[in-house]
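Working notes, structure below.
For the numbers below, each heavy atom of this structure counts, side chains included, while hydrogens, waters and symmetry mates do not. Bear in mind the structure is a predicted one, so any value in this text is a computation, not a measurement.
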Amino acid sequence: MSRYNVKETEAKWQSLWESQGCFTAREDASRPKYYVLEMFPYPSGRIHMGHVRNYTIGDVIARFKRAKGFNVLHPMGWDAFGLPAENAALEKKTHPASWTRENIATMRGQLKTMGLSIDWDREIATCDVEYYRHEQKMFLDFLKAGLAYRKESWVNWDPVDNTVLANEQVIDGRGWRTGALVEKRKLSQWFLKITAFADDLLKGLETLDRWPERVRIMQENWIGKSTGVRFRFALKDRADTAPNQTLEVFTTRPDTLFGASFAAISPNHPLAAELAASNPELAEFIAECNRLGTSEEAIETAEKRGFDTGLKVVHPLDPSWELPVYVANFVLMEYGTGAIFACPAHDQRDLDFARKYGLPVLPVVIPADADPASFAVETEAYTGPGVLRNSRFLDGLDVESAKQEVGKRLESTGQGERTTQFRLRDWGVSRQRYWGCPIPVIHCESCGIVPVPDDQLPVVLPEDVTFDKPGNPLSHHPSWKHTACPSCGKPALRETDTFDTFIESSWYFARFCSPKEDSTGFTRESVDYWLGVDQYIGGIEHAVLHLLYSRFWTRALKTCGYLNLDEPFTGLFTQGMVNHETYKDADSGAWLAPTDLEKNDKGQWVHRDTKAPVNVGRVEKMSKSKKNVVDPAHIIGTYGADAARLFMLSDSPPERDLEWTESGIDGAWRYINRLWRMVTDAPVALPPVGAPKPDALSAKAEATRRLVHKTIAGMSEDLDKFRFNKAVARVRELSNALGELDGSGEGEAWVLREGFESVVRLIGPMMPHLAEELWVALGHQGLLTDQPWPEADPALVTEDSVKIAVQVNGKLRATLDLPRDLDKESAERVALADANVQRALEGKPVRKVIVVPNRVINVVV
RNA sequence: GCGGGCGUGGCGAAAUCGGUAGACGCUAGGGACUUAAAAUCCCUCGCCGUUAGGCAUGCGGGUUCGAGUCCCGCCGCCCGCACCA
């Protein structure tokens, strides 16, 4: 029996596609365009199974849309700046640039073995000055437009590495690499004004009907719009300060203002700092609050704590009513005004605090079904709807009306205004890191911050740096930061911070439209033609950060006249993870890799060398630490890209997690070989390409032919809707049916050819190498890649006769073969005549017969 | 705590307009071929029952001629956010 030679075959077609420039994209106004993009990889070293899944899904869509006649853009690039390169530089004594470029070379080679329909001419790497120079220009335009600014802000500071850490890099209050206790430091940082688009980013979500609901909800929550009232308390005069001071607070519950029992400010509130200057006890309290980390655990277990400042504020609606002012650890400086008024009866945090410090708890909203006289709040705040009580002129109103009423009152006296508050904060983009895009500004002692003028761009990241000292190598570079002020000419210093690498990924999709353009990041014509991305595909982990930043950046570009587009990604698909069983040595408990194991004669896993018993653990995300990774290169080398691709698409729906198994990849491999044998070693000689359909077909041939067309119709829909697992099941079903045809009956050989050709075309997007090989085997000239998607004959998609279930009182008693669309009366007659049905009726009178055409008949007795 | 999702054979899953539950595959078992193995091919495979049939979609109710699907109440698992006033 001859065998399919995967290695040779796959390499052959890959080089043919490349030499013929099959996937080179060109703008063509006469054809509908389709932009397919998978989230570009970070060049970490080698591709992993997550990449294989991501790029397989993208490639199926790209090839499918191509066959459907779209002008497809399907590019690839490298998210090449970032921390791991610097860590590698330290650990492996290499340079981030060379480490990154070597990884790119390796991974490009690996991706090419997958047979992806990518336009490699458009490849970009974000660490190339040809790329990042354009974002420097964009940033300076944002600066001019007021969308970028500099301010002091608190950061996580690692005192050993002398660097800022992202929140994700702080684990239990310690630096992830050094283990040093992280300090809060105030640093001058660059910010992008994403909050300027808060409302617009929120509204835009409504237009993204081809995004997963949950991603939209996550972004909605992240933006966190609240409507309420911002108002100012008058501070009772203090002897030591100027009179007429006010304390501004924000609340979403102005209706509960008459239930107020205290005001609270954040430990980082300017007023707190002011008071602490003359109050060492308060200063100590504030320091304590700051020491307590902001880790999730710390917050969850933290007790509400406060410090009575002794200050009083005047209730805005009653000049004779005074409230104490506390510094409270649960009030965030970053949200609202950093100060609140507290109504313990209707806010759990306020209630916890009030109970601890013995402050009044007065319910002012009474649920409709409760007795106003006896309704009391003990340990659980009441946050539901109800009627206002104990609230003077608000009494009797519902919550919503009371909110409006208080808002109006405060506005009329000038004490406050109704307003909208967002949870979203501006995007801090400064990183005290080397391997990133230099921020193009200069610090001059006389002129302050001076943007680098256009004619001095780009600011090139120097490669002659050393990593022998902690901190940012850019600061240590002997000459790089020393420059002349573009404004006054005096010696000045370059900014040594680099951009957050999320900036590069915020516009790379636009760069792909004109990747070779020197003068600008992209040409207007190219983005007008290609953008937005019709189908974006990637992991759910970027649901907020990258996907929100890109939406912001696109809007900022629009503001600065770069393009006319709001949403960069019109369609989004988030794929699940690739998981694998985990293994541990039964004695030592050490993690073991799948390649360390073998099955013994009892079918149990044991260690390959020591034969020691192995415990099989949970199925978890592939990770180096748990050693449950399978190297795609090894799989592709053994079974070929098509088998790996088929496995990725089979069984699990793409949005769900997928378990990688050895038997699964074996199954994919078996199918590929079976298909190859079936076509290359057909039971009868097939009629030549293009032979006309014979007039007569055997019943079996006719039935098989119908299945062919049903499969074409079904699979087209499946691929459109990302139901790859069903598409695979369908084409397997068709192959099974074709395997049943021995070609001896009338017209069967012709149907076999039609069936084989259809299968080959249908698997084209999923298993492109095998498909090309079989296309040739079937006697065709030219590439299958250039063939259009098959069309189903509508007349063959529906059957003439249908199987109808007959139920008696809802229980299945018989199935009947009836002509399609048979009238109800006849159907009922045939059903009642059936022997099984008669037996089930047991002679009881028929009360009612429900006939659902072409589906079911239910006899009710 | 808030928000979202999901519970179907030994396993991954189909059934997405309320109409035959388990397509397709994996595993397992049996058989054929072979000196043998691999590969391949055939058969069986939700549970109980000899058959007739009965029971089955996390649990308990409800609506309906008919519920995996809709409604109400529980239980369990997963994900995101998390002192956001």
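Looking at the side chain of A:Val852, the nearest of the listed nucleotides B:G4, B:U27, B:G19 is B:G19.
Within the 4.0 angstrom heavy-atom criterion, no nucleotide atom of any strand lies near A:Asp352. Base contact: A:Val856 has a heavy atom under 4.0 Å from a base atom.
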List every contact pair, protein side and nucleotides 11-17 of chain B side both N or O, where the distance is under 3.5 Å.
| from | atom 1 | to | atom 2 | distance (Å) |
| --- | --- | --- | --- | --- |
| B:G12 | O2' | A:Ser652 | OG | 3.0 |
| B:G12 | N2 | A:Asp651 | OD1 | 2.7 |
| B:A14 | OP1 | A:Asn725 | ND2 | 3.3 |
| B:A15 | OP1 | A:Lys726 | NZ | 2.6 |

Show me the protein contacts with nucleotides 66-71 of chain B, counting only N or O atoms at under 3.5 Å.
none

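Atom P of B:U63 sits at a distance of 33 Å from the matching atom of B:G46, rounded to the whole Å.
Contacts of residues 709-722 of chain A with RNA chain B (heavy atom under 4.0 Å): none.
Note: CE (A:Met218) to C1' (B:C81) measures 8 Å, nearest angstrom. To the nearest angstrom, P of B:G25 lies 12 Å from CG of A:Leu734.
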- Message: In dot-bracket form, 5' to 3', how is RNA chain B paired? Count Watson-Crick and G-U wobble pairs only if both distances fall under 3.5 Å, and write | where the partner sits on another strand.
- Response: (((((((..(((......[....))).(((((.......))))).(((....)))..(((((..]....))))))))))))....
- Query: Going through the distances and angles, do A:Phe647 and A:Tyr639 end up as a side-chain contact (heavy atoms from CB on, under 4.5 Å)?
  - Reply: CA-CA 11 Å; A:Phe647 180 87; A:Tyr639 300 95; over 6 Å; no
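By the rule that a glycosidic angle within 90° of 0 means syn, B:G9 counts as syn.
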- Treat primed atoms plus P, OP1 and OP2 as sugar-phosphate and everything else as base, then score nucleotides 44-54 of chain B 5' to 3': B for base contact with protein heavy atoms under 4.0 Å, S for sugar-phosphate contact only, - for none. --------SSS
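The side-chain contact (heavy atoms from CB on, under 4.5 Å) check on A:Ala644 picks up A:Ile635, A:Ile636, with sequence neighbours excluded.
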